[in-house]
Amino acid sequence: MRILLIAITLTLTCSAASAETIAGPASVIDGDTIQVRGEVIRILDIAAPEKDQFCSQAEGDTTWRCGEQAAFALIDVIGTQLVTCETDKRDRYGAHLAGCIAGETNLGEWMAAEGWAVPYPNCECETIRAASEYAELHHLGLGVEPF
């Protein structure tokens with residue numbers, strides 16, 4: 001039993017030790033990716049169109065620069081505020097996966113609530129899902145069309 005408790009304690013200590021805070025001014029790469037202090041950070045639990053991506057209108061005949069608009073929305077919400085990101089893992093490309101806050105605004109929740117991002121597939125992110133449902137109901141941002 002004592003060995004089990006030591007193993008659990010070491011596991012929790014190692015997990016906590018690998019968590020990292022990255023804070024500072026942010027540059028927006030696209031609607032779900034920023035750079036802070038030279039570190040590329042993907043905002044956890046959301047997916048947004050790539051900056052150069054086009055989307056179709058509901059009618060299907062007209063396209064628009066949805067990726068650019070999503071990036072602009074993220075730029076607007078961050079403004080001149082410092083961004084703080086909490087990360088403990090990286091994606092397959094080496095970018096940090098992180099929950100990020102600008103001032104008191106959770107960037108993932110805000111992007112989903114405004115309709116500029118959707119929940120990342122299979123995430124356990126009920127607040128992001130609820131925010132995305134609100135945006136879909138009110139036809140905000142990307143509207144109801146998948147990108």
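Any value given below was found using the heavy atoms of this structure, including those in side chains, with hydrogens, waters and symmetry copies removed. If you read the sequence from its start, that first residue is 1, and numbering goes on from there.
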* If you take all heavy atoms of Pro119 and Ser132, which pair is closest and at what distance? -> CD-OG, 3.4 Å
Side chains of residues 69-80: which donor-acceptor pairs under 3.5 Å do they make with residues two or more places apart or in other chains?
none

* Could you name each residue pair satisfying side-chain hydrogen bond (donor to acceptor under 3.5 Å, both in side chains) that touches residues 36-49, not counting sequence neighbours? => Glu39-His96, Arg42-Asp91
* Find out if a path of hydrophobic residues (ILVMFWY) with successive side-chain heavy-atom gaps under 4.5 Å connects Val83 to Leu44. => no
* Structure fact -> Smallest heavy-atom separation, Ile34 atom then Cys100 atom, equals CD1-SG, 4.1 Å
* Nearest heavy atoms of Val36 and Gly24, plus distance in Å -> CG1-N, 3.6 Å
* Return the minimal non-hydrogen interatomic distance between Phe54 and Cys66, and the atom names on each side. => C-SG, 3.6 Å
Which pairs of donor and acceptor atoms, one on a side chain in residues 101-114, lie under 3.5 Å apart (sequence neighbours left out)?
unit_1: Asn106; atom_1: OD1; unit_2: Gly108; atom_2: N; d: 3.0
unit_1: Asn106; atom_1: OD1; unit_2: Glu109; atom_2: N; d: 2.9
unit_1: Glu109; atom_1: OE2; unit_2: Thr127; atom_2: OG1; d: 3.4

* For the atom pair CG (Asp30) and CD (Glu68), what is the distance rounded to the nearest 0.5 Å? -> 12.0 Å
* Counting N and O atoms only, with roles assigned by atom type, does the side chain of Thr87 sit under 3.5 Å from a partner on the main chain of Leu97, one being a donor and the other an acceptor? -> yes
* **Spacing of CG belonging to Leu137 relative to NE2 belonging to His139, to within rounding of 0.5 Å** => 7.0 Å
* Take atom CZ in Arg129; do more than 12 heavy atoms of anything else shown fall under 6.0 Å from it? -> yes
* **Transitive ILVMFWY cluster of Val40, excluding itself - 4.5 Å side-chain cut-off** => Ile29
* Which atom of Asp32 lies closest to which atom of Ala48, heavy atoms considered -> OD2-N, 3.0 Å
* Structure fact -> Here the gap from Cys123 atom SG to Ile46 atom CD1, rounded to the nearest 0.5 Å, amounts to 10.0 Å
* To do: Tell me, please, which residues at least two apart from Glu86 pass side chain to side chain donor-acceptor pair (under 3.5 Å).
  => Thr21
* Asked: Sequence neighbours excluded, which residues qualify as ring-ring contact (aromatic ring centres under 6.0 Å, His included) partners of Tyr134?
  -> His138
